[in-house]
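Notes follow once the structure below has been shown.
So you know, we letter chains A, B, ... as the sequences are listed, proteins then strands, and number each from 1.
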Protein chains: 2
Amino acid sequence: MYSEKEVTIYDIAKRLDLSATTVSRGLKDNPAISKKTKKRITDVAVEMGYRFNTFASNLRSKRTNTIGVIIPRMNSSFMSDVLAGMEKVANEANYNLIISQSLESADKEAVNIKTMFNNRVDGLMVSVAYNTNGVSQFEMLLQKGVPVLFFDRTLDHPMCPGIIIDNQKSGYLATRHLLDQGCKNIIHITGNQERNVYSERQKGYESALAEAGIELNKDQTFVTMLDEQAGIDCAEQILKMSPLPDGVFVDNDNCAANCMMKLMDSGIKIPEDIAFIGFNNDPISKIIRPALSTISYPGVEMGQIAARKLISHLNGQQNINSTNSIVLRSELIVRDSSLCNRL
Amino acid sequence: MYSEKEVTIYDIAKRLDLSATTVSRGLKDNPAISKKTKKRITDVAVEMGYRFNTFASNLRSKRTNTIGVIIPRMNSSFMSDVLAGMEKVANEANYNLIISQSLESADKEAVNIKTMFNNRVDGLMVSVAYNTNGVSQFEMLLQKGVPVLFFDRTLDHPMCPGIIIDNQKSGYLATRHLLDQGCKNIIHITGNQERNVYSERQKGYESALAEAGIELNKDQTFVTMLDEQAGIDCAEQILKMSPLPDGVFVDNDNCAANCMMKLMDSGIKIPEDIAFIGFNNDPISKIIRPALSTISYPGVEMGQIAARKLISHLNGQQNINSTNSIVLRSELIVRDSSLCNRL
DNA sequence: ATTATTTATGCTATCGGTTGCATTCTTAAA
DNA sequence: TTTAAGAATGCAACCGATAGCATAAATAAT
């Protein structure tokens with residue numbers, strides 16, 4: 001079913017009466033080869049339909065120039081930004097990216113890690129799945145000296161730095177903003193508390209409440225998947241509460257938007273009855289009405305910094321292990337959904 | 001900088017006083033190897049920290065069990081669905097996916113194709129970039145017998161089937177719906193007419209107008225990038241028109257949403273002044289108010305069918321070249337943004 | 001013209017699984 | 001007990017590029 005045999009550097013060499021070595025070097029633009037010979041080589045290569053064999057090359061050279069990326073999902077605007085940032089930096093440094101999704105499953109994540117491992121990635125960048133437990137699955141990589149770096153959803157490991165934002169402060173700022181608007185009864189819709197991003201935000205939420213002298217009520221923290229359905233489910237739960245909350249802080253804009261809309265469909269007025277604030281500054285937050293207040297999240301920058309950090313480690317310019325974490329700036333963005341000014 | 005030497009099947013073989021062949025087969029769960037030996041092999045492999053070398057394997061066996069996917073961007077809900085569908089089918093058939101983005105650039109797309117080619121993908125699934133021109137960049141793959149399949153944004157090639165929806169019919173249905181609501185002055189915001197998806201929808205738009213006896217006005221077709229900014233720009237252009245249009249059909253929900261919101265911010269009432277309909281049934285269409293009418297687009301299904309088709313070709317069960325295209329069902333979804341009933 | 005340099009090219013072993021074919025060891029049938 | 005068939009394992013060549021070291025060719029210096 002497949003056509004003629006593959007053309008190799010040996011075929012090119014024979015045709016030009018050169019050695020395979022020279023052809024290899026010529027194709028790689030090695031300075032040891034004369035311009036004239038290089039041209040002859042590349043011309044014949046094209047003419048004969050030669051294609052570079054990555055496997056043979058990797059097998060011999062033991063370098064792949066490939067960086068693995070494992071993320072929960074790639075359908076959010078945030079992740080898309082992160083990937084764009086990573087890809088730009090990686091390409092410029094002549095690295096390829098292999099991207100795979102865990103789909104929020106720790107099992108699939110473990111399989112992905114193994115695949116990356118077998119594919120000899122030079123390094124790995126990971127934002128862990130919703131239910132990932134422990135860091136043991138990364139040990140095989142680390143033992144072989146393959147650097148692992150976490151971003152956004154990080155794990156704690158002495159060898160692996162994390163690129164994050166200050167989630168606790170962000171959670172504090174969001175909650176504090178609602179308090180400043182006069183809210184006294186604030187719900188926090190968050191995710192698995194094993195994940196740094198969510199537990200930190202919860203801490204920020206709690207500290208803002210404490211500061212305002214408001215007693216923490218565990219019923220006001222909803223742990224969910226933070227997806228669309230969760231937003232709708234939470235809205236239904238909120239509608240059953242009495243008294244109704246007067247503020248809602250959601251750790252994800254998309255979830256927040258769905259929750260808000262469901263409440264509005266049920267006659268609740270936003271922000272008059274309930275003030276809302278989300279997280280991520282997803283494009284959706286600007287489009288819905290009332291526009292959703294949120295926390296900015298520098299996705300592109302996060303991707304760039306992660307990739308740059310990893311690559312500089314790979315190039316031996318900087319040891320990754322000495323870094324614990326890099327914290328990026330994020331900030332409160334106030335829009336109509338939280339401007340109720342009840343004071 | 002890196003630790004001890006790699007463990008190979010030879011090391012395992014030596015340790016167990018077996019041949020490398022047996023070890024290789026044992027690890028591959030080959031039926032020729034006894035259960036007992038298999039267990040000894042896998043145990044020692046784990047103990048010694050062996051990792052499978054994909055490159056050596058691919059080099060020798062000339063199969064990679066990898067399928068390449070090139071898409072314009074992965075930040076839309078539609079693409080995310082497509083990829084999820086592809087990944088599911090591919091995984092079940094024991095294939096890996098390498099995904100890369102062209103970021104709507106034909107140049108980057110060409111580079112991606114070449115990378116896929118060098119990485120010896122067994123097959124390729126592509127949705128082409130905004131400005132891709134011609135099909136010559138795929139010839140090298142086809143000449144080597146590597147099947148190429150297009151989905152959504154397709155190109156015309158005798159060897160490459162396309163998985164699509166009936167864009168012309170969809171464009172007709174959308175326009176027809178606006179006409180049925182009494183619109184007489186309908187704008188079509190579309191993309192590069194070189195892309196089948198957009199030119200077909202334009203054809204549908206034109207045929208619906210013709211059927212209604214409305215003369216086509218070229219000024220009413222806006223060719224744009226269909227992104228958020230385009231939505232806003234179009235809104236500004238529309239505001240300058242006199243008379244204002246009474247209906248807008250946008251080939252992308254996200255773009256439509258941004259356009260609609262901008263118009264509403266300027267005091268236009270939707271759907272009373274201008275009726276809106278989008279395309280894709282993106283989650284955003286359900287969340288904005290008024291909810292956006294749209295055309296459903298079966299992303300997951302499209303991904304599954306594409307992957308299934310390609311894999312059955314790779315397995316020799318079905319020749320892909322005999323198929324010209326597969327057309328999936330799509331349908332009109334009516335929501336509030338178009339319900340003006342001016343008749 | 002001769003030696004010292006620089007530049008260009010070649011030789012050969014190697015990376016680590018895989019595969020067709022051959023061989024040895026079991027178990028079943030005669 | 002002998003033979004046939006089947007199960008289990010081994011041999012050796014191979015996939016295609018690469019790197020260290022050696023050599024040849026071209027140029028510069030003496």
Side-chain angles (χ1 to χ4, degrees), chain A residues 2 4-42 44-45 48-66 94 114-115 117-120 122 144, chain B residues 2 4-42 44-45 48-66 94 114-115 117-120 122 144:
Chain A
Y2 296 104
E4 349 85 73
K5 241 173 126 281
E6 287 283 336
V7 177
T8 72
I9 53 170
Y10 298 99
D11 300 323
I12 299 177
K14 200 173 298 170
R15 167 85 157 270
L16 289 169
D17 200 25
L18 288 170
S19 76
T21 309
T22 303
V23 174
S24 173
R25 293 194 178 121
L27 292 170
K28 276 277 160 59
D29 204 23
N30 186 310
I33 306 299
S34 73
K35 272 219 179 298
K36 216 172 72 186
T37 310
K38 262 181 205 162
K39 174 137 179 51
R40 289 204 305 147
I41 292 172
T42 48
V44 171
M48 296 180 76
Y50 166 78
R51 65 167 161 170
F52 182 73
N53 190 321
T54 315
F55 304 125
S57 172
N58 289 344
L59 174 60
R60 178 62 228 246
S61 66
K62 304 205 162 207
R63 289 205 94 215
T64 63
N65 272 291
T66 297
N94 201 28
K114 195 148 195 181
T115 304
F117 184 63
N118 287 338
N119 279 322
R120 302 292 197 275
D122 293 334
K144 297 279 183 202
Chain B
Y2 296 103
E4 351 84 76
K5 241 175 127 280
E6 287 283 337
V7 177
T8 71
I9 54 170
Y10 297 99
D11 301 323
I12 299 177
K14 200 175 296 170
R15 166 85 158 272
L16 288 169
D17 200 24
L18 287 171
S19 74
T21 307
T22 304
V23 174
S24 173
R25 294 195 178 121
L27 291 170
K28 277 279 161 60
D29 205 22
N30 185 310
I33 307 299
S34 73
K35 274 222 180 292
K36 217 171 70 185
T37 309
K38 263 181 205 164
K39 174 137 178 49
R40 290 202 305 146
I41 292 172
T42 48
V44 171
M48 297 179 76
Y50 166 78
R51 66 165 161 171
F52 181 75
N53 190 319
T54 314
F55 304 125
S57 172
N58 289 344
L59 174 58
R60 178 62 228 244
S61 65
K62 304 203 162 208
R63 287 207 96 212
T64 63
N65 271 291
T66 296
N94 201 27
K114 196 149 194 180
T115 305
F117 183 63
N118 287 337
N119 280 323
R120 301 293 199 275
D122 292 335
K144 296 279 184 203

Within the 4.0 Å heavy-atom criterion, would you say [X] contacts the bases, only the backbone, or no part of the nucleic acid?
X: B/Arg51; value: sugar-phosphate
X: B/Asp11; value: nothing
X: A/Thr54; value: nothing
X: B/Leu27; value: nothing

Item to check | Length of the line joining B/Arg40:CZ and D/dT9:C1', which is rounded to integer Å | outcome: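 Atom CZ in B/Arg40 sits about 12 Å away from atom C1' in D/dT9.
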Next on the checklist: Rounded to whole Å, please give me the gap between CG in B/Asp17 and P in D/dG10.
Outcome noted: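 Distance, rounded to whole Å: 8 Å.
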Next on the checklist: I need a per-nucleotide contact map over nucleotides 18-28 of chain D, read 5' to 3'. Cutoff is protein heavy atoms under 4.0 Å; write B for the base, S for backbone only, - otherwise.
Outcome noted: BBBB-------
Item to check | Inter-axis angle, terminal five-pair segments of the helix from C/dT5-D/dA26 to C/dA30-D/dT1 [nearest 10°] | outcome: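 Terminal axis comparison yields 40°.
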Checklist entry - Applying salt bridge (Lys or Arg N to Asp or Glu O under 4.0 Å), which residue pairs with at least one partner in residues 15-32 of chain B are found, sequence neighbours left out? => result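 Of all non-adjacent pairs touching residues 15-32 of chain B, those that pass salt bridge (Lys or Arg N to Asp or Glu O under 4.0 Å) are B/Arg15-B/Glu47, B/Asp29-B/Lys38.
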Next on the checklist: With a cut-off of less than 4.0 Å, is there a side-chain N or O of B/Lys36 near OP1 or OP2 of D/dA8?
Outcome noted: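 False: B/Lys36 side-chain N/O out of range (4.0 Å or more) of D/dA8 OP1/OP2.
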Next on the checklist: To check you understand the geometry: which heavy-atom pair defines the closest contact between A/Val7 and A/Met48, and what is its length?
Outcome noted: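 Reported closest heavy-atom pair: CG2-O, 3.1 Å.
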Next on the checklist: For B/Ala45 versus B/Leu27, what's the shortest heavy-atom pair and its separation?
Outcome noted: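 Shortest heavy-atom separation between B/Ala45 and B/Leu27 comes out as CB-CD2, 4.0 Å.
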By side-chain contact (heavy atoms from CB on, under 4.5 Å) - contacts of [X] (at least two apart):
X: A/Ala13; value: A/Val23
X: A/Thr115; value: A/Val111, A/Asn119, B/Asn96
X: B/Lys39; value: B/Asp43
X: A/Lys14; value: none

Checklist entry - Can you name the residues that form a side chain to side chain donor-acceptor pair (under 3.5 Å) with A/Ser24, not counting sequence neighbours? => result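 Checked A/Ser24 against side chain to side chain donor-acceptor pair (under 3.5 Å); zero matches.
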Next on the checklist: Among residues at least two apart in sequence or on other chains, which ones pass side chain to side chain donor-acceptor pair (under 3.5 Å) with B/Ser19?
Outcome noted: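 Result, side chain to side chain donor-acceptor pair (under 3.5 Å) vs B/Ser19: B/Thr22.
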Item to check | For chain B, the stretch of DNA chain C it reaches, first to last nucleotide, under 4.0 Å of its heavy atoms | outcome: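 Span of nucleotides near chain B: C/dG16 to C/dC21.
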Checklist entry - Between B/Leu59 and B/Lys38, which is nearer to the 5' end of DNA chain D once each is assigned its nearest nucleotide? => result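 On the 5' side of the pair lies B/Lys38.
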Checklist entry - Who passes salt bridge (charged side-chain N to carboxylate O under 4.0 Å, His left out) against A/Arg51, sequence neighbours left out? => result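 In terms of salt bridge (charged side-chain N to carboxylate O under 4.0 Å, His left out), with neighbours along the sequence ignored, A/Arg51 is linked to A/Glu6.
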Please table the atom pairs, donor to acceptor, closer than 3.5 Å between any side-chain atom in residues 55-62 of chain A and protein atoms at least two apart or in another chain.
unit_1: A/Asn58; atom_1: ND2; unit_2: A/Thr54; atom_2: O; d: 3.4
unit_1: A/Ser61; atom_1: OG; unit_2: A/Ser57; atom_2: O; d: 2.8

